[in-house]
**Student:** 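Here it is, the structure, as structure tokens.
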Amino acid sequence: MRLLAFAAFLVPLPNHALAGQYSLEDTYQGANFFSMFQFVAGSDPTHGRVNYVPEDVALGGSLALVSGSGDAIIRVDNTTFLSASGPGRNSVRIESNKLYDTHVSVFDIVHMPQGCGTWPAIWENGANWPAGGEIDILEGVNNQIQNLVTLHTTSGCSMPPSRDMIGSNTGLDCNAGVNFNAGCGVRLPGISYGTAFNVNGGGWYAIERTSTFVAVWFWGRNSASIPGEMTNGSNLINTDNWGIPAAYFPNTSCDIGLHFGPASININIALCGDWAGNSAVYAASGCPGTCIDFVDNNPAAFTDAFFEFSWIKVYS
Ligand SMILES: *[C@@H]1O[C@H](CO)[C@@H](O)[C@H](O)[C@H]1NC(C)=O
Ligand SMILES: *[C@@H]1O[C@H](CO)[C@@H](O)[C@H](O)[C@H]1NC(C)=O
Ligand SMILES: *[C@@H]1O[C@H](CO)[C@@H](O)[C@H](O)[C@H]1NC(C)=O
């Protein structure tokens with residue numbers, strides 16, 4: 001121990017003196033929010049029953065807007081009855097212009113898409129997928145109430161079964177090439193997703209990526225342990241004060257620095273597709289008929305299929 005401490009003293013200090021201390025690099029908020037993202041138009045790579053619209057269509061058709069209170073909203077079309085032979089329901093997929101290597105991102109989320117057929121996600125994505133790594137921070141389907149945090153990588157990255165976190169493993173091999181790309185997932189306990197999350201007024205998701213680990217925290221709006229740095233949107237944060245993470249991915253059997261590179265922040269709302277539309281998964285949520293019929297013929301059911309952000313802050 002002492003020898004290690006002494007050796008560490010001789011090594012040049014990293015760019016911040018305290019391990020978990022970061023300062024604000026970017027704020028995505030209000031009128032600036034959408035100019036810091038590009039809209040990724042077209043069909044959904046995971047076969048969702050959606051048509052991601054370009055920026056002018058999203059902003060013109062109120063599928064992307066800034067509310068009167070300054071929150072950024074992205075939503076799914078909730079008025080059009082679809083033809084079975086036509087494209088999917090209009091929706092939004094956005095990707096940050098900027099890439100981030102080691103960093104902390106914090107998402108103050110007021111509302112997330114909920115209900116049958118929905119498959120929303122907030123994720124960070126490196127280049128040449130899966131070479132640059134993918135981190136799914138908030139993701140789920142249909143009437144789920146617990147969030148699933150997942151890493152997807154190239155081969156040679158797996159997670160130890162027991163580790164210091166609140167959530168529970170759903171898979172240990174992060175390799176996107178096996179297990180139908182299930183990745184190494186961690187299911188969060190309690191209300192962390194969907195309708196009940198919205199009833200609580202949402203909350204904060206935060207991710208820290210260093211060269212040796214990835215950690216994700218979640219505090220519901222009514223949590224008793226929200227760090228003051230969340231509620232005041234501080235310019236300085238210290239993740240050492242945030243407590244045990246909801247999901248923790250250490251470097252025990254995964255060279256995090258090798259498997260994760262500069263990544264964009266991505267947000268999208270898919271409907272149906274490979275996960276939400278899987279007939280067993282869809283039926284298990286108590287959803288009616290088939291997912292695609294439901295999406296095509298029930299536009300008003302997607303009125304609550306929206307994300308609303310107070311802000312997103314990135315720290316380095
Ligand atoms: C894993 O990370 C720790 C610091 O969190 C570091 O001391 C250790 O050398 C790393 N191990 C490997 C195999 O990279
Ligand atoms: C925000 O909260 C943190 C943690 O409680 C505190 O250290 C910091 O001084 C606060 N900053 C502001 C601007 O209120
Ligand atoms: C569609 O969503 C808007 C915005 O929330 C809402 O005002 C409107 O009533 C919804 N339309 C239908 C048909 O449900």
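Whatever order the structure lists ligands and atoms in, that order sets their numbers, starting from 1.
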**Student:** What protein heavy atom sits nearest atom 5 (O) of ligand 3, and how far off is it?
**Tutor:**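 Result: Arg75 NH2, 3.0 Å.
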**Student:** Quick test: of every protein heavy atom, which one is nearest to atom 14 (O) of ligand 3, and how far off is it to 0.1 Å?
**Tutor:**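 The protein heavy atom lying closest is Thr303 OG1, 3.1 Å.
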**Student:** Could you identify the single nearest non-hydrogen protein atom to atom 10 (C) of ligand 3 and state the distance to 0.1 Å?
**Tutor:**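 Nearest protein contact, heavy atoms only, for atom 10 (C) of ligand 3 is Asn78 ND2, 2.5 Å.
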**Student:** Less than 4.5 Å apart, any side-chain heavy atom of Tyr22 and any of Glu208?
**Tutor:**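 Yes, at least one pair of side-chain atoms sits under 4.5 Å.
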**Student:** Please check if the number of heavy atoms outside Asp56 that lie under 6.0 Å from its CG is greater than 12.
**Tutor:**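 Yes, because the 6.0 Å sphere around CG of Asp56 holds more than 12 heavy atoms from other groups.
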**Student:** To the nearest 0.1 Å, how far is atom 6 (C) of ligand 1 from its closest protein heavy atom, and which atom is that?
**Tutor:**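 I find the closest protein heavy atom is Asn251 ND2, 4.2 Å.
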**Student:** Which ligand 3 atoms, with their elements, are less than 4.0 angstrom from a heavy-atom of Ala300?
**Tutor:**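 Atoms satisfying the 4.0 Å criterion: 14 (O).
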**Student:** Are Phe307 and Phe34 joined in one hydrophobic group, where the rule is that I, L, V, M, F, W and Y side chains link up if heavy atoms are under 4.5 Å apart?
**Tutor:**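 They do share one cluster, since a chain of ILVMFWY contacts under 4.5 Å joins Phe307 to Phe34.
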**Student:** What I want to find out is whether Lys98 reaches Glu25 closely enough, with some N-O distance under 4.0 Å, to be called a salt bridge.
**Tutor:**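 Answer for the salt bridge query: yes.
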**Student:** Does the ring of Trp119 carry Arg49 above it, NZ/CZ under 6.0 angstrom from centre and within 45° of its axis?
**Tutor:**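 No, Arg49 and Trp119 do not form such a contact.
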**Student:** For ligand 3, find out whether one of its N or O atoms is nearer than 3.5 Å to an N or O atom of Thr79.
**Tutor:**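 No: no nitrogen or oxygen of Thr79 is under 3.5 Å from one in ligand 3.
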